[in-house]
There are 2 protein chains.
Amino acid sequence: MTDHGTLYVVGIGPGLPAHMTQRAREVITGADCVIASNLYQEFLRQDGTLPPEGEGGEAEPEVVRSSMGQQVELTREAFERVRDGEDVANVSGGDPNVYGKSDLVFTMADADDATDVPIEIVPGVTAALGGAAMMGAPLSNDFCTVSLSDKWRGWDEIEEKLRAAAISDFVVVLYNCWRNYERAIGILREERADDVPVGIFNDAGRGDAGRNVDGEAFTVTTLGEAAAHEEDVGGMGTSILVGTHETDTWRNDHETYLVTPRGGRDVEDF
Amino acid sequence: MTDHGTLYVVGIGPGLPAHMTQRAREVITGADCVIASNLYQEFLRQDGTLPPEGEGGEAEPEVVRSSMGQQVELTREAFERVRDGEDVANVSGGDPNVYGKSDLVFTMADADDATDVPIEIVPGVTAALGGAAMMGAPLSNDFCTVSLSDKWRGWDEIEEKLRAAAISDFVVVLYNCWRNYERAIGILREERADDVPVGIFNDAGRGDAGRNVDGEAFTVTTLGEAAAHEEDVGGMGTSILVGTHETDTWRNDHETYLVTPRGGRDVEDF
């Protein structure tokens, strides 16, 4: 009987591998098989985490292209590889728990009775954190994330969450904004003032290497104006951060920032 | 006139530097001055990000001990150092935006008219993500973070957020649990079923090097039983994740995991 390897579900952060953790790099570098989308493969080769194609010699991991709609087959294949003794790194952008691949892996392991397969989740910087850092300190109070994808659940559920978060004063970060974003902004406007600052961000941490043709960028607007920024909502690389009544825009000689203070205190009381 | 350096506010992730990003390591390694608590200094020396004390030679950055209550003085000192041309790395655990130092730095820069000081926030893996990874996939649906510290705001505000998040079905991650945690659990119980799984986690990613004497650990319990786990709520290293009605406990031959599926779908439909 062969000893099992481990199935690693690895988050590489929001952008280029500079925002990947050292643990994630170590796991990918040491894996026998790496499952990753074309975009992430490209990032990992640029950085040297994966060797240039065909030049890695015998130590080169087998690299398998991951694509939407193939997740079930690839996860089953990963279980088999782990049983054959391989370490498999299944690569997610951002953090694998935040709209990534980790729930699928456990759901499938349960459905397939794959209780023998060791699984380790390697966390990463999710887009909310990477995008917030690019914009300054817009997330420095309680926050929530809401996915706008209604593929697997009704819009009612999404709407209830948006409304509750807006009323109770969470900073709200919207994921999967390529559809439904105007509808979501409309609901938030019913519950929160039109002048609260909003940041629309694309390809945080990716420089010019992301999906958005304009490269890493953010636009500061307001909740009242956000729905008029359709040209900034690029697709899978876009998230939108909606501030609270405490969020402010602040400019220094270099940049414009969004800042949400933790509230209620003077500087001298820190 | 000297050219300014940059003030970096750097998140090193929830645990040992293995969970720090490569960008964070690069910034700390290249800084002229590093401001960090004793615990984080220790982590950074273990990993080689900072040289062993006194052995770094001329390239050794000046290391300044950060402590609660000194944040204002240290931030002012950092502004001065940056004006003198130094790169300063102010180290936060986790992510600097999530109950870290980034809002303070901007609030102080505003109060002191320090508009000349370049500021860059370097994101990190926050405890919610690091802890969730340790427990499996408990965060794989919309989630929120709520700090239980009422030092800077009324409990009413915290209570409203907890209630809204519980009713509208967010996974809830509680930070700063060293006080008020039983009160928070009591409010969540009024709105959410007693049998939803709860994970109490300590020192995610820290192995035996954290604040908690038992080392990195998590306890799986339920909302109804959570308040009876006072011995697991260790202090600043503790966070608590409260699942939804969809969160399940799953065991394989190696570990017990918490899994929150994104909801409503069969495996074959992924």
Side-chain angles (χ1 to χ4, degrees), chain A residues 13 17-23 25 71-72 95 97-98 102-104 106-111 115-116 118 121-126 129-130 132-133 136-137 139-140 142-147 152-153 160-161 164 167-170 250 252-254 257 259-265 267-268 270, chain B residues 13 17-23 25 71-72 95 97-98 102-104 106-111 115-116 118 121-126 129-130 132-133 136-137 139-140 142-147 152-153 160-161 164 167-170 250 252-254 257 259-265 267-268 270:
Chain A
H19 291 286
M20 178 165 67
T21 69
Q22 300 181 79
R23 174 73 182 143
R25 187 185 162 104
Q71 302 297 332
V72 172
D95 179 79
N97 256 315
V98 185
S102 59
D103 66 323
L104 168 64
F106 286 106
T107 304
M108 281 206 49
D110 182 42
T115 54
D116 57 320
I121 310 295
V122 181
V125 173
T126 185
L129 307 184
L139 209 65
S140 292
D142 306 320
F143 76 97
C144 66
T145 67
V146 180
S147 167
W152 305 111
R153 57 179 178 178
E160 185 185 356
K161 282 180 178 158
I167 293 172
S168 59
D169 227 18
F170 283 98
W250 187 71
N252 66 8
D253 303 346
H254 314 281
Y257 299 96
V259 181
T260 309
R262 256 162 296 181
R265 58 182 168 181
V267 163
E268 299 303 333
F270 271 90
Chain B
H19 290 287
M20 178 166 66
T21 68
Q22 300 180 78
R23 173 76 182 141
R25 186 186 161 104
Q71 301 297 331
V72 171
D95 179 78
N97 256 314
V98 185
S102 59
D103 67 323
L104 167 64
F106 286 106
T107 302
M108 281 205 49
D110 182 41
T115 54
D116 56 319
I121 310 295
V122 181
V125 173
T126 184
L129 308 184
L139 210 65
S140 293
D142 306 320
F143 76 97
C144 66
T145 67
V146 180
S147 167
W152 305 109
R153 56 179 178 179
E160 185 185 357
K161 282 179 178 159
I167 293 172
S168 59
D169 228 17
F170 283 97
W250 187 71
N252 66 8
D253 303 346
H254 314 280
Y257 299 95
V259 181
T260 308
R262 256 161 296 180
R265 57 183 169 180
V267 163
E268 298 302 335
F270 271 89

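From a predicted model like this one, the values you see are computed outputs, not experimental measurements. All chains are named by letter (A, B, ...) in the order of the sequence lines, taking the proteins before the strands, and each is independently numbered beginning at 1.
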* Looking only at heavy atoms, which two atoms of B:Ala137 and A:Phe106 are closest? And how far apart? -> CB-CD1, 3.7 Å

* When rounded to the nearest 0.5 angstrom, what distance separates CD in A:Gln22 from NE2 in B:His19? -> 10.5 Å

* To do: Go through B:Ser147, B:Pro118, B:Ala132 and name the one with the most non-hydrogen pairs under 4.5 angstrom from chain A.
  => B:Pro118

* To do: Can you see which heavy atom on B:Asn252 is nearest to which on A:Thr115, and at what distance?
  => CB-O, 3.2 Å

* Asked: In a check of side-chain contact (heavy atoms from CB on, under 4.5 Å) between B:Leu129 and each of A:Ile121, A:Val125, A:Leu129, which one passes?
  -> A:Leu129

* Contact part of A:Val259 toward chain B, heavy-atom cut-off under 4.5 Å: side chain, backbone, both or neither? -> side chain

* **Nearest heavy-atom neighbours spanning B:Trp250 and A:Asp110** => NE1-OD1, 2.9 Å

* Distance, nearest 0.5 Å, that separates CD of B:Glu160 from CD1 of A:Ile167 -> 8.0 Å

* **Under 4.5 Å from any heavy atom of chain B - which part of A:Asp95** => side chain

* Nearest 0.5 Å please: distance from the CG atom of A:Leu139 over to the OG1 atom of B:Thr126. => 9.0 Å

* Is any side-chain N of the basic residue among A:Asp142 and B:Arg153 closer than 4.0 Å to the acidic one's carboxylate O? -> yes

* Asked: Looking only at heavy atoms, what is the nearest atom pair of B:Val98 and A:Phe143, with distance?
  -> CG2-CE2, 3.9 Å

* To do: Measure the spacing between OG of B:Ser102 and OH of A:Tyr257 and express it to the nearest 0.5 Å.
  => 11.5 Å

* Which atom pair, heavy atoms only, marks the closest approach of B:Asp103 to A:Thr260? -> CB-O, 3.7 Å

* Does one side chain, of B:Ser140 or A:Asn97, offer a donor that lies under 3.5 Å from an acceptor on the other? -> yes

* Structure fact -> Max heavy-atom pairs within cutoff under 4.5 Å with chain B, candidates A:Lys161, A:Arg25, A:His254, goes to A:Lys161

